[in-house]
Amino acid sequence: NKGKMETEEEKSQREEEEAFTRIINAFISYKQFTLKYVNAQEQQFKSISQRQQDLLQRTTKNSFGSNFDRMRNCVESNDLFIKAIVKSSQNMFVNTTLNLRNAIPPTTEDIQKVKTVLKQFSREWSDVGAKERSLSFTPIISTIQSLFPHTPNSPNSSIKILVPGGGLGRLAWELVQRGYSVQGNEFSYFMLLSSNFILNKNISPFTRFTIYPFIHSNSNLYSRSHQFLPVTIPDVDPNQNFPSSSSPSSPSSNTNTPGDFSMCAGDFLECYQDIGEWDCVATCFFIDTAKNVMDYIERIWSVLKEGGVWVNNGPLLWHWTDMAGERSLELSWDEIKAVMEGVGFVVEKEERYECCYDENELLMMQTVYNTVFFVARKTALVD
């Protein structure tokens, strides 16, 4: 086979397997990388003078020195959860084989993405993330419910909603619980493997896990205990018919049976090219992931049915900015709005919301976005 030319299909298959293997290897390597960091922190403590060590130990009632073992225990808990994700990923993609012997060693950035997944679970599938979900998701959900009310002659299941940048699937899942037929779309393998576990594999028996997503940083702590904030996931059984009534984004009534639910893996622009297929596109913290946001705008207009609506909530923190070897078209909101109207959208509603993302509200610092929330309707393009 050495002299045989690789076909495009074979090349695509090989690249997909390499990417999949690299991500799995990053998950598996989380414990090793993180314990190395903890050990370095402990060595730093032991490198200060004995007098200062004794002072710190005495004034913290010997708790500071025990922080490192406590952190190692948290890493073990996180790793137990990560192993469950990895185990569930077997046979996730057809014809994709896993060969860790030849896997490219994970980069620091890869391990950082695993840590981000843990924080994303806190945001989407825990009580700790309930406030963030309420601020980010509820305006989208309540707007869709008002635009597409359930009636006997027009059940919600007849309404098709697309959720690009679906993350771990919670927004799509919430819409499904309200009876709509929903497809989530996600590009990141890190998110896809994790959402596959929480939505499809954690079933029999249903298991709750305790993870510690905020142990990886020592900055902005009022109290050391805030670093060790335990997060129980999931807060609801993803396979039950409806969220619990304690959920801040619960359905107003349980008259709908859950709609169809699917997840599509891949790049949004590559996956969705059919014209006029969707009644609604719901985007949350998504449009700033574009290299060319005009491509997103035109594609969303294209895939919507005539009269369909695009409901969005999110900032414009352009993801490709300052990334080596990458370029992106970075527009302001007023420029985006002008392009939307030029394409054929009518912006029917525009508001601002204060939203956080993957934050621990116990810390000294949180990043707060003044997001743009809008509802835009597809109309016939007039030359």
Side-chain angles (χ1 to χ4, degrees), residues 13 16-34 74-104 106 110-129 163 165-174 176-177 182-213 230-241 243 258 260-266 271 358:
Q13 177 69 22
E16 183 172 314
E17 288 186 6
E18 288 174 353
F20 181 68
T21 303
R22 193 185 93 246
I23 274 68
I24 290 291
N25 200 30
F27 276 110
I28 291 172
S29 302
Y30 161 82
K31 179 179 173 180
Q32 175 189 346
F33 270 69
T34 310
C74 292
V75 171
E76 292 286 350
S77 294
N78 288 348
D79 188 56
L80 188 69
F81 177 63
I82 287 168
K83 283 177 178 174
I85 293 174
V86 171
K87 185 178 179 181
S88 75
S89 69
Q90 295 173 5
N91 305 318
M92 182 177 168
F93 295 101
V94 179
N95 298 325
T96 301
T97 56
L98 192 62
N99 184 2
L100 290 175
R101 288 183 182 179
N102 299 326
I104 300 170
D110 288 334
I111 301 300
Q112 185 58 45
K113 288 179 179 177
V114 176
K115 296 174 183 177
T116 298
V117 166
L118 294 173
K119 291 201 290 185
Q120 191 75 12
F121 268 108
S122 176
R123 171 180 167 84
E124 294 199 35
W125 292 102
S126 82
D127 288 335
V128 171
V163 183
L168 297 180
R170 184 62 181 258
L171 176 57
W173 182 86
E174 292 283 356
V176 169
Q177 302 314 302
V182 185
Q183 183 166 95
N185 165 239
E186 179 56 52
F187 177 72
S188 165
Y189 269 119
F190 287 94
M191 293 297 170
L192 286 166
L193 266 62
S194 303
S195 63
N196 174 62
F197 169 71
I198 204 72
L199 294 169
N200 298 323
K201 300 298 183 179
N202 187 21
I203 298 173
S204 183
F206 170 65
T207 306
R208 281 194 164 92
F209 294 82
T210 299
I211 61 172
Y212 300 87
V231 175
T232 301
I233 52 174
D235 58 319
V236 293
D237 181 353
N239 299 286
Q240 70 180 23
N241 282 347
D260 294 331
F261 188 15
S262 60
M263 290 288 289
C264 175
C271 291
D358 286 355

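What's counted below: heavy atoms across the whole structure, side chains too, no hydrogens, waters or symmetry copies.
- Rounding to the nearest 0.5 angstrom, the gap separating the CD1 atom in Ile233 from the OG atom in Ser194 is 9.0 Å.
- The two residues Leu193 and Ile85 make their nearest non-hydrogen contact at O-CG2, 3.8 Å.
- Considering only residues two or more places apart in sequence or on other chains, Lys113 meets the salt bridge (charged side-chain N to carboxylate O under 4.0 Å, His left out) condition with Glu109.
- Between Ile23 atom CD1 and Leu192 atom CG the span is 10.0 Å, to the nearest 0.5 Å.
- Looking only at side-chain heavy atoms (C-beta outward), Leu199 and Trp125 come within less than 4.5 Å of each other.
- Applying the side-chain contact (heavy atoms from CB on, under 4.5 Å) criterion to Gln112, with sequence neighbours excluded, gives Lys115, Thr116.
- Of the possible donor and acceptor atoms, one in the side chain of Asn185 sits under 3.5 Å from a partner among the backbone N and O of Gly266.
- The aromatic ring centroids of Phe81 and Phe121 lie less than 6.0 Å from each other.
- When the shell of 6.0 Å around CZ of Phe187 is examined, it contains 12 or fewer heavy atoms from other residues, nucleotides or ligands.
- Asp237 contributes atom CG, which lies 10.0 Å from atom OG1 of Thr207 (distance to the nearest 0.5 angstrom).
- Residues Pro230 and Thr210 come closest through the heavy atom pair CB-CG2, 3.8 Å.
- For Asp79, the side chain to side chain donor-acceptor pair (under 3.5 Å) partners at least two apart in sequence or on another chain are Lys83.
- Taking the six-membered ring for Trp and thresholds of 30 and 60 degrees, Phe190 and Phe27 have ring planes inclined between 30 and 60 degrees apart.
- Here the CZ atom belonging to Arg22 is positioned 12.0 Å from the OG atom belonging to Ser29, to the nearest 0.5 angstrom.
- Under the salt bridge (charged side-chain N to carboxylate O under 4.0 Å, His left out) criterion, Lys31 pairs with Glu76, sequence neighbours left out.
- Classification of Glu174 and Arg170 as a salt-bridged pair holds, one side-chain N sitting under 4.0 Å from a carboxylate O.
- Tested against Trp173 for a side chain to side chain contact (heavy atoms under 4.5 Å, CB included), the candidates Pro234, Ser195, Pro238 yield a single pass: Pro238.
- Between Ile24 and Ser89, the closest heavy-atom pair is CD1-OG, 3.3 Å.
- Residues that satisfy the side-chain contact (heavy atoms from CB on, under 4.5 Å) test with Ala19, not counting sequence neighbours, are Tyr189.
- Considering every non-hydrogen atom in both Asn196 and Ser88, the closest pair reads ND2-O, 3.4 Å.
- With sequence neighbours left out, Gln120 forms a side-chain contact (heavy atoms from CB on, under 4.5 Å) with Arg123, Glu124, Leu168, Met191, Tyr357, Asp358.
- Taking both residues in full, the closest heavy atoms of Asp235 and Ser126 are given as OD1-N, 3.6 Å, listed atom of the first, atom of the second, then distance.
- In this structure, CD1 in Ile82 is found 5.0 Å from CG in Leu118, a value given to the nearest 0.5 Å.
- Nearest approach of Gln183 to Cys264, heavy atoms of both residues: OE1-CB, 3.7 Å.
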